[in-house]
Amino acid sequence: MKAAGRSVRTRLRDHLAASDPGLLRLTAGLRTVGAIALTLAVLASAGFDITQLVAGAMAAMVATFAIREKQRGAQAVTLAVGLPVALVSVSLGAVLGERVVVGDAFFVVLIFVAVYGRRFGDRGTALGLIGFQVYFVSLFVGASAAQLPGLWAVLAVAFACSALVRFAVVPVTPAGLLLRLRTAFRARLGRLVSAQLALLDAGPDEVDKALEDVREGTARLHETALMIQSRLEEGTPDESTARLVQRRIADAEIAAERLGLLLLSARSAQRADTLTLHLPGAPAPEMGRLPGPDEATAVLRRDLLALRALVVRTGAGGTGVAQLRNRLLGYRDEENLPVATPAVRDVFRAVGETARAVMGLRIALEGPQDESDDSPATARSREELDAEDAAIDAGEEAEAAEPPKGLRPTTRAAVQVSVGSTLAIAGGELLSAHRWYWAVLTCWIVFINTASTGEILVKGYRRLLGTVFGVVAGILLAALVGRHTWTAFFLVLLLIFAMFYTAPLSYTLMSFFVTAMLGLLYTLLHTYSWEVLVLRVEETALGAACGVVAAALVLPVHTDRRTNELLVTVLERLAEVTEAAVGQLSGGPAGDLLDKARELDQALGDLRAATQPLTHPVTPLRARRTNARYVVALLETCAYHARSLAATAELLPTHPSIAADPRLRGAAGRTVRNIVTIADRVADEDVSVPVETGPSIASLLGGDGTARYGRITDRVLRHLERLDEAVVGLARPLAVPVKTPDR
């Protein structure tokens with residue numbers, strides 16, 4: 001009974017870890033709700049009135065979500081500096097609130113300073129948010145100069161409660177957060193193996209769904225790997241440990257993705273293109289049952305189940321787990337490979353490589369393991385891992401970032417949002433002399449974390465949609481709550497938790513919860529009415545429109561320009577990773593390949609976010625949407641092969657089964673030149689140099705490149721050839737001419 005209870009708890013924990021990596025959303029929701037609840041309790045016990053309770057709740061929310069630093073000491077400093085900023089802001093809001101012209105002019109200046117402050121990093125961003133939002137709170141509650149002493153006390157209590165909840169009630173240390181992210185990685189890796197198992201067994205009517213699950217699982221695993229990468233420096237005791245964890249995470253991610261691709265290829269009537277694994281919505285290739293005898297399929301199903309058990313199992317594991325591990329690692333040494341087609345045998349080898357990556361990840365995260373039950377194959381894998389660990393060089397220094405050229409993005413955004421806010425104030429005053437600030441708030445928000453006109457348009461649309469539905473919910477909740485103050489506050493807390501928990505998932509949902517919450521706040525302030533909520537929709541629409549107009553007319557960054565700039569960055573990073581990996585595989589000096597690969601991943605993530613206006617379901621430009629999705633999928637395919645080359649190149653110093661081949665540099669030179677050619681064409685349409693095609697990489701190596709060093713070299717050639725094909729494939733959607741050699 002106890003074992004069953006633990007199993008249920010483990011499954012729930014793994015489900016939560018996989019759906020919310022690092023529990024970041026849960027932590028944000030609990031911290032905010034906890035800070036607000038504690039603030040309300042303190043203020044209510046001290047006899048503050050309802051208006052001050054609302055102001056305290058909003059101030060506690062701002063003091064909690066504005067802080068973004070990773071280190072606790074930096075968070076404490078920002079919170080301490082934020083309180084004086086809040087006191088000054090609420091004071092100016094109360095004094096200038098009744099002075100229309102002066103107050104409006106100051107609000108625009110405050111907005112400019114708050115947005116411009118982003119150039120100073122997380123602290124500048126946080127202080128700007130606090131200054132703006134607290135000024136908004138003063139307008140929302142109708143603060144006056146006579147109320148300032150009480151409001152100062154309210155703000156002090158709110159910031160103190162926020163600090164108490166942050167550092168004592170719901171503490172998050174960098175090491176603890178990294179530990180939860182690693183748990184999430186393991187849970188998502190287990191889910192991906194489960195999806196691959198479902199793909200193995202999927203019938204003709206289930207293949208598309210199974211393939212989509214594998215795509216989603218692969219993407220989520222990659223997302224978690226990037227999150228871990230961003231936290232390694234703060235969450236590990238030294239740089240050497242950080243690099244070791246980074247290496248093992250990369251190995252596991254690449255091995256799992258390769259396993260899915262080989263499984264898909266084995267089930268396909270023809271060779272499955274790597275693009276199929278990265279293009280959302282792409283139909284599955286023609287697939288039948290796994291070729292070969294049924295016994296091989298049954299064994300593969302058993303081994304995928306065993307691999308999943310190795311992934312999700314924590315602790316020492318025992319003899320049973322050791323036996324599973326020994327069997328799977330044996331496939332790396334060609335032990336016990338079943339009678340099957342070459343494609344199916346490749347899947348078994350991939351299972352062995354993934355098991356080896358999982359063992360390396362477990363050693364990196366949990367320390368030395370029991371070796372008493374090791375088979376010879378497992379012992380050899382441990383020796384390889386130990387050699388790799390010893391070869392990790394922690395002495396690499398990060399290159400200094402180049403200063404941005406031209407107008408800084410923060411300066412441009414500050415000017416744009418100031419102009420948009422001026423328009424929103426003018427229009428908002430016409431709609432309502434008392435609640436014009438809603439338009440300004442919307443204009444401000446649509447500029448947060450956006451960089452192009454298209455992104456602002458999409459964000460404004462989503463906010464308006466969420467607001468419309470939130471008004472309906474607010475009407476219903478206000479009718480249900482009536483004059484029950486504490487019931488309303490309880491529902492407000494639930495809605496705030498939902499708002500923060502869903503914010504990273506759906507901006508529309510977040511806007512829905514915000515608007516529903518505001519309906520309850522108006523009820524608490526006894527200013528609720530149907531007209532007020534309708535005005536909220538009107539002001540939101542006006543603010544979004546002003547933001548779009550300002551972005552389109554004032555120092556505009558058009559979506560095409562933004563995506564082209566990011567596309568060039570991705571191609572440059574791709575060329576760097578490919579050239580460095582091939583150079584090392586050709587016998588050149590060792591470099592920091594994994595960091596270069598992660599820089600490529602970060603650049604690709606930025607591009608993926610910037611293309612959302614082009615790929616949004618409501619866009620009328622269907623052909624353009626399809627083209628954008630295709631280009632991003634091709635780039636993800638290129639990034640996968642480049643990451644795999646980088647990971648293989650880093651094995652050179654420690655693995656006797658792989659050796660440098662000087663011929664690779666010349667054979668892969670065409671691929672690197674093609675990447676540079678495409679980048680030049682995207683950056684300047686007048687460039688007319690064509691992309692080159694020609695013989696396969698293997699033929700350039702003399703046609704017998706795979707026999708000299710075995711499967712590792714064969715894998716390098718496959719990655720190079722697929723990368724070369726994907727790069728040439730980029731030429732057509734990007735309108736780059738292709739030159740076919742004369743026969």
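Remember, predicted model here, so these are calculated numbers, not experimental data. Only this structure's heavy atoms are used, side chains among them; waters, hydrogens and symmetry mates stay out. Position 1 is the first residue of the sequence, and the numbers go up from there.
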Give the minimum heavy-atom separation between [X] and [Y], together with the two atoms involved.
X: Val446; Y: Gly460; answer: CG1-CA, 3.7 Å
X: Gln147; Y: Ala143; answer: OE1-CA, 3.2 Å
X: Val481; Y: Ala488; answer: CG1-CB, 3.5 Å
X: Ala114; Y: Gly128; answer: CB-O, 3.4 Å
X: Leu495; Y: Ala516; answer: CD1-C, 3.8 Å
X: Ala35; Y: Thr64; answer: CB-OG1, 3.4 Å

Could you check whether any side-chain heavy atom of [X] comes within less than 4.5 Å of a side-chain heavy atom of [Y], counting everything from C-beta outward?
X: Tyr501; Y: Leu26; answer: yes
X: Gln133; Y: Trp444; answer: yes
X: Trp438; Y: Leu518; answer: yes
X: Val172; Y: Arg180; answer: yes
X: Met499; Y: Phe65; answer: no
X: Val115; Y: Val415; answer: no
X: Val245; Y: Leu365; answer: yes
X: Leu232; Y: Gln229; answer: yes

Begin from the C-alpha positions of Arg118 and Ile448 and carry the test side chain to side chain contact (heavy atoms under 4.5 Å, CB included) through to its verdict. CA-CA 10 Å; Arg118 297 179 194 174; Ile448 294 177; 3.6 Å; yes
Hey, can you pull the donor-acceptor pairs under 3.5 Å for the side chains in residues 532-552, sequence neighbours left out?
| from | atom 1 | to | atom 2 | distance (Å) |
| --- | --- | --- | --- | --- |
| Arg536 | NH2 | Thr515 | OG1 | 3.3 |
| Thr540 | OG1 | Arg536 | O | 2.7 |

Test: Arg220 and Glu216 ion pair at under 4.0 Å: yes
Does the distance from a Lys or Arg side-chain N to an Asp or Glu carboxylate O, for Glu212 and Arg215, drop under 4.0 Å?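 Answer for the salt bridge query: yes.
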Could you check Leu127 against Phe120 for side chain to side chain contact (heavy atoms under 4.5 Å, CB included), going step by step and ending with a plain yes or no? CA-CA 10 Å; Leu127 296 179; Phe120 301 108; over 6 Å; no
Working to the nearest 0.5 Å, report the span between [atom1] of [X] and [atom2] of [Y].
X: Arg166; Y: Ile67; atom1: CZ; atom2: CD1; value: 5.5 Å
X: Leu181; Y: Leu23; atom1: CG; atom2: CG; value: 8.5 Å
X: Ile228; Y: Phe185; atom1: CD1; atom2: CZ; value: 6.0 Å
X: Thr453; Y: Gln416; atom1: OG1; atom2: CD; value: 7.0 Å
X: Ile36; Y: Leu53; atom1: CD1; atom2: CG; value: 12.5 Å
X: Arg191; Y: Thr218; atom1: CZ; atom2: OG1; value: 14.0 Å

Other residues, nucleotides, ligands: >12 heavy atoms within 6.0 Å of Phe167 CZ: yes
A quick test of your reading: do over 12 heavy atoms of other residues, nucleotides or ligands sit less than 6.0 Å from CZ of Phe469?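 Atom CZ in Phe469 is not crowded, with 12 or fewer foreign heavy atoms closer than 6.0 Å.
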Treating [X] as the side-chain partner and [Y] as the backbone partner, does any N or O pair qualify as donor plus acceptor under 3.5 Å?
X: Arg231; Y: Pro174; value: no
X: Ser421; Y: Val417; value: yes
X: Glu429; Y: Trp436; value: no
X: Arg119; Y: Thr411; value: no

Scan the side chains in residues 82-96 for donor-acceptor partners under 3.5 Å anywhere in the protein, sequence neighbours excluded, and list what turns up.
| from | atom 1 | to | atom 2 | distance (Å) |
| --- | --- | --- | --- | --- |
| Ser89 | OG | Gly131 | O | 2.6 |
| Ser89 | OG | Tyr135 | N | 3.2 |
| Ser91 | OG | Leu87 | O | 2.7 |
| Ser91 | OG | Trp152 | NE1 | 2.9 |

With side chain to side chain contact (heavy atoms under 4.5 Å, CB included) as the test, would you mind laying out the steps for Leu129 and Val62 before giving the verdict? CA-CA 8 Å; Leu129 274 171; Val62 172; 5.6 Å; no
Does the side chain to side chain contact (heavy atoms under 4.5 Å, CB included) test come out yes or no for Ile111 and Val440, once each step is laid out? CA-CA 9 Å; Ile111 289 169; Val440 182; 3.5 Å; yes
My understanding is that only residues two or more places apart in sequence, or in another chain, count here; which of them pass ring-ring contact (aromatic ring centres under 6.0 Å, His included) with Phe513?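 Per chain and number, Phe513 pairs via ring-ring contact (aromatic ring centres under 6.0 Å, His included) with no residue.
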Taking only residues at least two apart or on different chains, which pairs with a member in residues 53-75 satisfy salt bridge (charged side-chain N to carboxylate O under 4.0 Å, His left out)?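 Every pair satisfying salt bridge (charged side-chain N to carboxylate O under 4.0 Å, His left out) with a residue in residues 53-75: Glu69-Arg123.
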What pairs meet the salt bridge (charged side-chain N to carboxylate O under 4.0 Å, His left out) rule with one or both residues in residues 18-31, with sequence neighbours excluded?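 Sorted pair list: Asp20-Arg25.
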What I want to check is whether the side chains of Thr467 and Ser511 have a donor and an acceptor closer together than 3.5 Å.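 Per modelled atom types, Thr467 and Ser511 side chains form no pair under 3.5 Å.
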Would you be so kind as to tabulate the donor-acceptor pairs closer than 3.5 Å made by side chains of residues 42-49, with sequence neighbours excluded?
| from | atom 1 | to | atom 2 | distance (Å) |
| --- | --- | --- | --- | --- |
| Ser45 | OG | Ala41 | O | 3.1 |
| Ser45 | OG | Val42 | O | 2.7 |
| Asp49 | OD1 | Thr51 | N | 3.2 |
| Asp49 | OD1 | Gln52 | N | 2.9 |

Classify the angle between the aromatic ring planes of Phe132 and Phe136 as parallel (below 30°), tilted (30 to 60°) or perpendicular (above 60°).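 The arrangement is parallel - the two ring planes meet at less than 30°.
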